[in-house]
Structure formats: C-alpha cells, structure tokens
Amino acid sequence: MTSPANPAAGPAGTVTAAVTGSTGAVAASSVPSVPLTPIFVRLKLSLLRNGLKGSSKRKAAYFSTLALALVVGFFVTLGLALLHGNAHAGTVVVMLAAVLALGWTFMPLFFPTGDETLDPSRLVMLPLRPRPLVQALLASSLIGIGPLFTLCLAVGSVLAVARGAAGAVAAVVAAPLLVLGCVTLARAMATANVRLLSSRKGRDLAVLSGLLIAVGGQLTNFASQSLFQAGGLASLEPVEAVLRWVPPVTAVGMVDSASEGAYGAAAAQLALTLAAVAGLLWFWERSLTKLMVTPDGSTIAAAKPMKDRGAGGVWSLLPAGRTGAAMQRTLRYAVRDPKTKAGWVTALAIGLIVPVFNALQGAGSVYLGCFGAGMLGMQMYNQFGQDTSAFWMVAQTISSTRDAYVELRARAAALALVTVPYTVLVTAITAAIIGDWSALPAATGLALGLLGSMLCTGALASARFPYSIPSDGAFKNVAPGQGGLAWAGIFGGLLVSAVISAPVIALTIWLKVGGHQDLSWIVLPLGVVWGVLASWAGLRLAAPKVARQLPEILWAVSKG
C-alpha cells in the first residue's frame with residue numbers, strides 16, 4: 001500500500017496492481033474480474049492509518065475529533081432517546097433528519113475533508129467500470145467520523161419515535177437507510193461537481209457559496225426564533241408534515257408512521273426512501289461515467305487581449321515605493337485570488353449580518369460592531385501563507401529587519417484601508433437600527449482598538465506560525481500536517497488580542513456600569529490611539545523574527 005505522501009498515486013497504484021497485475025501490460029478487455037470493494041475499504045483504512053504516522057499533531061487532531069464526535073454523538077443519542085413518548089418527538093427527529101440530509105448535501109462541496117484518494121477524477125485512467133466503482137466508493141465513504149456521527153444521530157432519532165413491534169422493525173431498517181441516503185447524496189453531488197470545484201471558476205463560485213451559507217444561516221436563525229416565539233415546536237408541525245415525505249427524511253418518518261399504526265403510509269415512505277437511494281446511485285453512476293469519458297475543459301478559456309491598465313487610477317493614491325506596491329499586491333489578491341477573495345467576502349458578509357440581524361430581532365447591541373472588526377482582523381493572520389508559492393519572489397526583496405517591517409506595515413495598512421471604514425459603517429448601521437446613538441462613539445472606539453490588537457497579533461502569528469494554503473479545494477485552507485500551526489496562530493492570536501484590548505474593554509465597561517455614559521466618547525480617541533500603538537508594536541516585534549527566519553517561513557508556506 002502506498003504512502004499518502006502522494007495521494008494521487010494511492011488508489012491508482014493499488015487498483016492498477018490489483019486489476020492489471022505486476023506487468024501492467026494486460027489490455028482492458030482482458031482484465032480479470034477483481035472485487036473492488038474490499039480493495040477500496042482496505043485502501044481507506046490503510047490511508048487513515050498511514051496518515052497518522054510520524055505526526056503527533058495529526059494524531060492529536062484526529063483522535064480528539066473522534067473523541068469529541070463520540071461524546072457529542074452519545075449525549076445527543078441519549079437526549080433523543082429520552083424524548084421517547086413525547087408528543088413532539090416526531091417533529092424533532094424529522095427536522096433533525098432534514099438538517100442532516102441538507103448538511104451532507106452541501107457541506108462536502110464547500111468544506112471538503114477526508115481522503116483525497118477517493119476523488120473519482122484521479123481514477124479516470126484506470127480500466128474500471130462505473131458500477132463496481134460506485135459500490136467500492138460507497139463502501140469506502142461509510143468509513144469515517146462523519147458517517148459514525150450520523151449513525152449515532154440516526155439511532156437516537158429512531159429510538160425517539162419507535163413504539164411497538166412494527167416500530168422496532170421499521171427502526172432497524174430506517175437507521176442504516178438514513179445513513180446510506182445521506183452518504184450517497186453527498187457522493188453523488190460531489191461527483192457531479194468535482195470538475196467545477198477543482199477549476200478556477202469553481203473556486204470563484206465558492207465565494208458566492210460562502211456568502212449564501214452565511215446569509216442562509218442567519219435567515220434560518222431568524223426564522224427559527226420567530227417560529228418558536230410564535231408557538232414553540234407545535235408551530236413546526238406543518239413543516240414537519242411535508243418534510244417527512246422528502247427522502248431520505250422518509251426513513252425516520254416511516255418509523256413514526258409504523259409506530260402509530262399507519263402501515264400504508266410507512267410502506268409508502270419506505271418505498272420513497274428506497275427509490276431515492278436507487279435514483280441517487282443511478283445519478284452517481286451516470287455522473288461518474290461522464291467524468292471518466294469526458295475531457296476536462298472547465299479551465300480552458302478563449303484567449304483575450306489584455307488591457308494595459310498601468311498603475312494609474314485609484315492605485316495612484318497609494319504611497320510610493322515599496323509600501324504602495326505591497327499594498328496594491330495585497331488588495332489585488334483580495335480581488336483576484338479565489339481563496340483570498342472567499343475569505344474577504346465571507347468576513348465582510350458575516351461581519352455585517354450578525355450585528356444587523358441581531359439588531360433586527362431586538363436582541364442586538366451597538367457593541368456587536370466589534371464582530372465585524374474581528375472577522376476582518378483575522379485576515380491579517382498567515383499573511384505570508386496567503387501568497388502561496390509566489391512568496392519566494394517577495395522573500396527575495398527582504399534582506400533586513402527594515403525590509404520586513406515595511407512589508408508587514410504595508411500589508412496591515414492595506415487591511416486597515418478597508419476594515420476601518422467598514423467597521424465605522426457597520427457600527428453606525430447597528431446603532432441606527434437599535435436607536436442607541438449615544439453608544440456609537442464607545443462602540444466604534446472599542447472596535448478600532450480590537451482591530452489594532454488583531455493587526456498586532458496577526459503580524460506576530462504570521463511570523464511565528466506560518467503555514468501553507470493548498471491551491472486545490474475551494475475551502476481547503478491548511479496543508480496536511482499543519483493544522484496545529486493554524487489553530488495555534490488563530491486561537492492564540494485571538495486570546496492575546498483580547499488581553500491587549502483589555503484596558504479599552506475595562507474602561508468601556510466601567511463607564512457603562514458606573515453611570516458615566518456622558519463620558520463614553522473618551523473611548524473613541526483612546527481606542528484609535530490604542531489600536532495604532534498596538535499594531536505598531538506588533539509590527540516592530542514581528543519584523544526581526546521575519547528577517548531572521550525567512551528561510552524557515554519560506555519552507556513552511558511552500559510545504560503544500
């Protein structure tokens with residue numbers, strides 16, 4: 001079995017050796033019939049085992065995630081089982097199954113994790129038929145933390161509504177059917193979109209996808225709060241009555257119907273579930289066939305003459321020299337690079353949505369404007385990793401602490417050029433919706449102080465915890481084996497930012513609690529000065545580190 005160091009060669013080498021023999025000279029028409037499912041299952045298990053070798057960080061991350069999934073799955077299953085006999089148990093489990101199915105449908109597209117060797121586009125050159133390949137990929141996909149957690153929720157759901165012998169029999173069938181339907185739905189959608197997601201257009205589309213997820217999540221939160229305020233779980237019964245007939249949610253609906261003695265409805269829901277799984281398998285097979293016989297032209301575009309934009313226009317307003325060039329580079333990345341653009345657009349959207357939607361629900365605060373500053377401040381982290389393989393060109397221009405300082409200062413200035421007016425605007429919009437204009441100066445000063453602290457810690461984290469961002473995968477932002485560096489830089493930086501901002505936070509709380517709100521305007525100039533000083537100190541401390549360890553940083557960001 002091959003090492004996962006070359007994921008593209010993993011399934012290819014294994015399956016080719018198993019199918020064509022050691023010489024590799026057997027024609028496709030004379031290939032012996034070899035069961036693919038055991039091969040792919042052993043391959044998946046071997047890749048999981050080999051992927052944990054030689055990396056204590058990867059082992060810790062994997063086993064902690066597994067432990068967390070098991071603990072959460074156990075308590076959720078126990079909580080669902082305790083709903084047995086409750087009048088609203090059917091509504092809860094049907095809605096939960098719908099959320100599971102929705103998550104399995106879209107989350108793998110936007111946050112692809114797991115084993116890259118199961119990407120069917122890597123198997124197109126092998127003499128494999130689509131139907132056995134579908135079976136093998138499906139069996140391999142059932143191995144992992146996600147399917148295990150889904151199985152826990154499925155078991156808890158059927159335990160909540162199963163009553164009597166008929167309900168017990170239906171529950172035994174429904175739990176694996178729900179898991180099978182969710183996994184099949186995810187793989188069919190991923191196969192149908194694998195070319196799009198791996199292309200430049202797909203990475204650009206991920207920006208819109210992230211925005212839709214952010215807006216959709218807040219809309220769902222807003223709608224759910226409105227529903228529960230209107231009448232609790234009883235208000236969801238009309239929605240549940242429709243969802244229980246939508247596969248694969250019909251698997252859970254079948255158990256509820258059988259428990260209530262509605263055997264005709266249970267039989268119809270079972271038939272719908274089986275038909276949906278069969279239809280998804282058929283669609284998956286057709287998509288796989290098309291993928292394996294159609295050339296990839298998704299990234300081919302007609303050559304167009306390039307316009308000579310020059311350096312005029314708005315770019316002429318930037319400072320001259322290295323500072324202006326580095327600022328322009330940073331801002332162009334935010335507009336042109338798909339992953340950088342995705343991070344910026346998502347931060348801008350969520351930073352506005354959270355305070356505004358909370359204000360519209362009557363539960364907001366002007367101080368939630370700090371959320372937007374925090375979201376954009378996180379863009380300062382891993383500055384050199386954002387350059388990907390192009391960072392070596394920047395590294396050639398850094399020969400002293402002064403060069404490193406100017407480079408970091410320009411990147412922070414480019415970020416502040418967008419973040420400062422954005423923070424002021426979001427805070428003002430929130431204050432207008434709530435009608436609390438008196439808190440606007442303090443909230444703005446606090447947000448700007450937090451932003452300066454995050455620019456400080458972002459520069460330090462970029463110097464001390466750089467990591468590589470892979471070029472493939474729309475939302476794959478950390479190279480394998482460097483997850484610990486990413487978590488250490490981001491969460492450590494957030495914690496230190498809170499400590500650095502503590503004086504401004506303490507002053508704001510004291511003025512509000514102590515009844516000195518007429519003096520709250522003091523927080524605005526203090527927050528601005530504090531943020532500028534914090535960011536300046538962070539840049540000064542990070543610059544020598546960058547200059548001294550430039551080769552190590554270059555190696556770290558080029559590792560992916």
side-chain contact (heavy atoms from CB on, under 4.5 Å) assessment of F74 paired with L70: CA-CA 6 Å; F74 171 76; L70 290 175; over 6 Å; no
M189/W284 under side-chain contact (heavy atoms from CB on, under 4.5 Å): CA gap, chis, key distance, verdict: CA-CA 8 Å; M189 290 292 293; W284 185 6; over 6 Å; no
Determine, stepwise, if the pair T250 / R244 fulfils side-chain contact (heavy atoms from CB on, under 4.5 Å). CA-CA 5 Å; T250 44; R244 66 167 51 228; over 6 Å; no
Residue pair Y381, T457: steps toward the side-chain hydrogen bond (donor to acceptor under 3.5 Å, both in side chains) verdict: CA-CA 8 Å; Y381 292 79; T457 57; 2.7 Å; yes
Step by step, would you call F40 with L133 a side-chain contact (heavy atoms from CB on, under 4.5 Å)? CA-CA 9 Å; F40 272 73; L133 185 57; 3.7 Å; yes
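N382 and P466 make their closest contact through OD1-CA, 3.7 Å (heavy atoms, listed as atom of the first residue, atom of the second, distance). A pairwise comparison of heavy atoms in A139 and T37 identifies CB-CG2, 3.5 Å as the closest pair. A258 and A266 get closest at one heavy-atom pair: N-CB, 3.8 Å. Pairing each heavy atom of L142 with each of P147, the nearest pair is O-CB, 3.6 Å. Residues C152 and T77 come closest through the heavy atom pair O-OG1, 2.8 Å. The minimum heavy-atom distance between M254 and L270, with the atom names listed, is SD-CB, 3.4 Å.
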Under 3.5 Å donor-acceptor pairs involving side-chain atoms of residues 161-184, not counting sequence neighbours:
residue, atom, partner, partner atom, Å
R163, NH1, V161, O, 3.4
T184, OG1, L180, O, 2.6

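Between the CG atom in L43 and the OG atom in S140 there is a gap of 7.0 Å [rounded to 0.5 Å]. Note that CZ of F371 and CG of N358 are 9.5 Å apart. Values are rounded to the nearest 0.5 Å. If you take CG on L45 and CZ on R49, they are separated by 7.5 Å, rounding to the nearest 0.5 Å. A distance of 11.5 Å separates CD1 in I145 from OG1 in T150, rounded to the nearest 0.5 Å. One finds the CZ atom of R464 at 10.0 Å from the CD1 atom of I553 (value rounded to the nearest 0.5 Å). In this structure, CG in L281 is found 11.5 Å from CG in L288, a value given to the nearest 0.5 Å.
Partners of F391 under the ring pair (Phe, Tyr, Trp, His ring centres under 6.0 Å) rule, at least two apart in sequence or in another chain, are F384.
Distance alone, capped at 3.5 Å, places no donor-acceptor pair between the S46 side chain and the R42 backbone. When atom types are taken as modelled, the side chain of Q386 and the backbone of Q379 share a donor-acceptor pair closer than 3.5 angstrom. A distance-only check finds a donor-acceptor pair linking the side chain of S462 to the backbone of M380 [under 3.5 Å]. Panel note: side chain K44, backbone S141; no donor-acceptor pair is recorded below 3.5 Å.
Side-chain atoms of L148 and L66, non-hydrogen and from C-beta on, do get closer than 4.5 Å to each other. Residues H84 and L159 form no side-chain contact, since every pair of their non-hydrogen atoms from C-beta on lies 4.5 Å or further apart. In this structure, M454 and L376 have side chains that are not in contact, with every pair of non-hydrogen atoms separated by 4.5 Å or more.
Pairs of residues two or more places apart, or lying in two chains, never qualify as salt bridge (Lys or Arg N to Asp or Glu O under 4.0 Å) while including a residue from residues 134-145.
Here the rule is side chain to side chain contact (heavy atoms under 4.5 Å, CB included) with V94, and of D256, V242, V99, V249 only V249 fits it.
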